[in-house]
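Structure first, then comments.
Below, each value reflects all heavy atoms present in this structure, side chains not excepted, and no hydrogens, waters or symmetry copies. Every chain is numbered from 1, with letters handed out A, B, ... down the list of sequences.
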Protein chains: 2
Amino acid sequence: MSTSDRRQTGGGRARRVDAEANRSRILDVAEQVFGAGGESASTEEVARLAGVGIATVFRHFPTKAALLRAVLVRRFDRLREQAEALLDTADPGTAFFDFFRHLVADAATKIAIGEALLDAGGDSDGEAAEASNGLRRAVGALLRRAQQAGAVRDDVELPEVYALLVATSRTAAHAGLDEEVRARALTIVFDGLAPHRHQPGAG
Amino acid sequence: MSTSDRRQTGGGRARRVDAEANRSRILDVAEQVFGAGGESASTEEVARLAGVGIATVFRHFPTKAALLRAVLVRRFDRLREQAEALLDTADPGTAFFDFFRHLVADAATKIAIGEALLDAGGDSDGEAAEASNGLRRAVGALLRRAQQAGAVRDDVELPEVYALLVATSRTAAHAGLDEEVRARALTIVFDGLAPHRHQPGAG
DNA sequence: GACTATACGGAGTCTCGACTTCGGATATCA
DNA sequence: TGATATCCGAAGTCGAGACTCCGTATAGTC
């Protein structure tokens, strides 16, 4: 309900099926390409890997920014759905920490996602910001539930938790950080989020 | 002893004082410009703000990458010196946590620094990698000392600690994360680094 | 099978930014 | 002060990548 409903409403005829298939393939490829190379990857490469001409890409997405936005919206929506699904999980603590881990692992192969997690919140266009906020709210719900269950300390709030989520995701997105180190770093963060602790390192 | 010693050795005459002044000013401006806008900021803007022609920038630094590298080397060296100075501080725990906080705050106004903290380690040229490793080693020394003093748990190692340092620095570097949230996020990380805790959120 | 709106791809244009050229200025030294 | 090696800036070149034009192909409809 976020994308791909353009001509359906408004009177004009529906999109041709080949055009719809191309649009979908372009989105898939763009997610991979921008995921691997960041947003500096070229539109031409997306077209080539999708097996279409560059004009076709620009016909479906008027600017490169629009394409990137569409990719991000889809990704954010998917992550939000996964987060919301976890709200039904039996153990709130497991749900929260698992999703944290999942998002970081997911971002590890998607540079642009990690970057965008941050950027989309502030500026950006309405749709992308909305998708980003949707994800943020879902994380907030997981957090609150985990706190009520006593799995996360009560004195932390969404902004700093989300900041840590973004920070670890963005860093995991780049090469050079192997999986084991990432897991150990997350363990430290999770320990910091756990209840029953005193204040260290205060200046 | 890392930069600015070019013509001094080797027989040729020393650099003219106006040239040396320009070189220094270019480095200062470049640090600001790349700090604020990331490495995508243009060389021409550096030249303009430094009050010189663009050719002068390229005369001193043969490529944009070389300029960026010079900026980073200088910055890394400076941070390393600060870290090493803290090794004489009375309290090892305070030294470690203060430097962590300092580095994150420093990176908050220097996008390129945060990015480079990560990148320089892996590839990059010899000089930049060396400077980066120097900083990493200095952080390692602070960490070990803090652990011996019982201010940081014994079962964490430099890779994951450095990863967290990089992660929080990079994220702090972008807009939209206010100072208070940053401080609260760091508190969580520091709590995770503190000794005497059980394992939460394990899956 | 023919007709047509829709979609396609290749070959452009246009802008931007890294880097060079070269004639003119100036610090340095005698 | 005069000679000159060094340094400077304005105006280029060059390549890359975002975006457009237009003749051709094809899905959808009869």
Side-chain angles (χ1 to χ4, degrees), chain A residues 3-30 32-34 36-72 111-112 125, chain B residues 4-30 33-34 36-72 111-112 125:
Chain A
T3 28
S4 79
D5 46 0
R6 207 54 55 90
R7 296 278 177 78
Q8 260 63 329
T9 56
R13 185 176 303 193
R15 226 193 316 264
R16 254 165 53 174
V17 296
D18 55 342
E20 183 57 43
N22 274 339
R23 181 195 167 87
S24 170
R25 190 146 23 91
I26 289 168
L27 267 180
D28 288 342
V29 169
Q32 287 185 303
V33 170
F34 291 137
E39 58 183 306
S40 70
S42 75
T43 312
E44 193 185 350
E45 193 183 354
V46 173
R48 193 169 44 79
L49 291 179
V52 301
I54 191 166
T56 298
V57 175
F58 280 101
R59 193 168 305 110
H60 285 289
F61 306 94
T63 64
K64 179 182 178 178
L67 171 57
L68 200 47
R69 223 183 295 139
V71 168
L72 292 175
I111 292 183
D125 115 299
Chain B
S4 81
D5 47 359
R6 207 56 53 88
R7 296 282 176 79
Q8 260 64 332
T9 57
R13 186 179 301 195
R15 228 192 315 265
R16 258 165 54 174
V17 298
D18 56 343
E20 184 58 44
N22 274 338
R23 182 195 167 86
S24 170
R25 189 145 25 90
I26 289 169
L27 267 180
D28 289 342
V29 169
V33 171
F34 291 137
E39 57 183 308
S40 71
S42 74
T43 311
E44 193 185 350
E45 193 183 353
V46 173
R48 193 170 45 78
L49 291 179
V52 301
I54 192 169
T56 299
V57 175
F58 280 100
R59 194 169 303 112
H60 285 289
F61 306 95
T63 65
K64 179 183 178 178
L67 171 58
L68 199 47
R69 221 182 297 140
V71 169
L72 293 174
I111 292 183
D125 117 297

(Q) Quick one, T43(A) and F61(A) - any side-chain contact, counting heavy atoms below 4.5 Å? (A) no
**Q.** Which residues share a side-chain contact (heavy atoms from CB on, under 4.5 Å) with E44(B), sequence neighbours left out
**A.** S42(B), I54(B)
Q.
Suppose we screen for side-chain hydrogen bond (donor to acceptor under 3.5 Å, both in side chains). Which residues come up paired with R25(B), at least two apart in sequence or across chains?
A. N22(B)
Q) Of all residues at least two apart in sequence or in a different chain, which pass the side-chain contact (heavy atoms from CB on, under 4.5 Å) check with D28(B)? A) S24(B), R74(B)
Q.
Output the rounded distance in Å from CZ (F58(B)) to C1' (dT13(D)).
A. 13 Å
Q: Rounded to the nearest angstrom, tell me the gap between atom CD1 in I26(B) and atom P in dC19(C).
A: 14 Å
Q) To the nearest Å, how far apart are L67(B) CG and dC19(C) P? A) 10 Å
Q. Can a side chain N or O of T43(A) be found less than 4.0 Å away from OP1 or OP2 on dA18(D)?
A. yes
Q.
My understanding is that only residues two or more places apart in sequence, or in another chain, count here; which of them pass side-chain contact (heavy atoms from CB on, under 4.5 Å) with A65(B)?
A. T63(B), R69(B)
Q: Provide, to the nearest angstrom, the distance between the CZ atom belonging to R48(A) and the P atom belonging to dA18(D).
A: 13 Å
Q: Check the distance between dG17(C)'s C1' and F61(B)'s CZ and give it to me in whole angstrom.
A: 19 Å
Q. Within less than 4.0 Å of OP1 or OP2 of dG17(C), is there a side-chain N or O belonging to S42(B)?
A. no
Q) Could you give the CD-to-C1' distance, from E44(B) to dT13(D), as a whole number of Å? A) 15 Å
Distances under 3.5 Å between protein N/O atoms and the N/O atoms of nucleotides 8-12 of chain D, please, pair by pair.
from   : atom 1 : to     : atom 2 : distance (Å)
dC8(D) : OP1    : N22(B) : ND2    : 2.4
dC8(D) : OP2    : R59(B) : NH1    : 3.4
dG9(D) : OP1    : G53(B) : N      : 3.2
dG9(D) : OP2    : G53(B) : N      : 2.8
dG9(D) : OP2    : T56(B) : OG1    : 2.1
dG9(D) : O5'    : G53(B) : N      : 3.4
dG9(D) : O6     : R59(B) : NH2    : 3.1

Q: State which residues pass side-chain contact (heavy atoms from CB on, under 4.5 Å) with R59(B); sequence neighbours excluded, sorted by chain then number.
A: A55(B), T56(B)
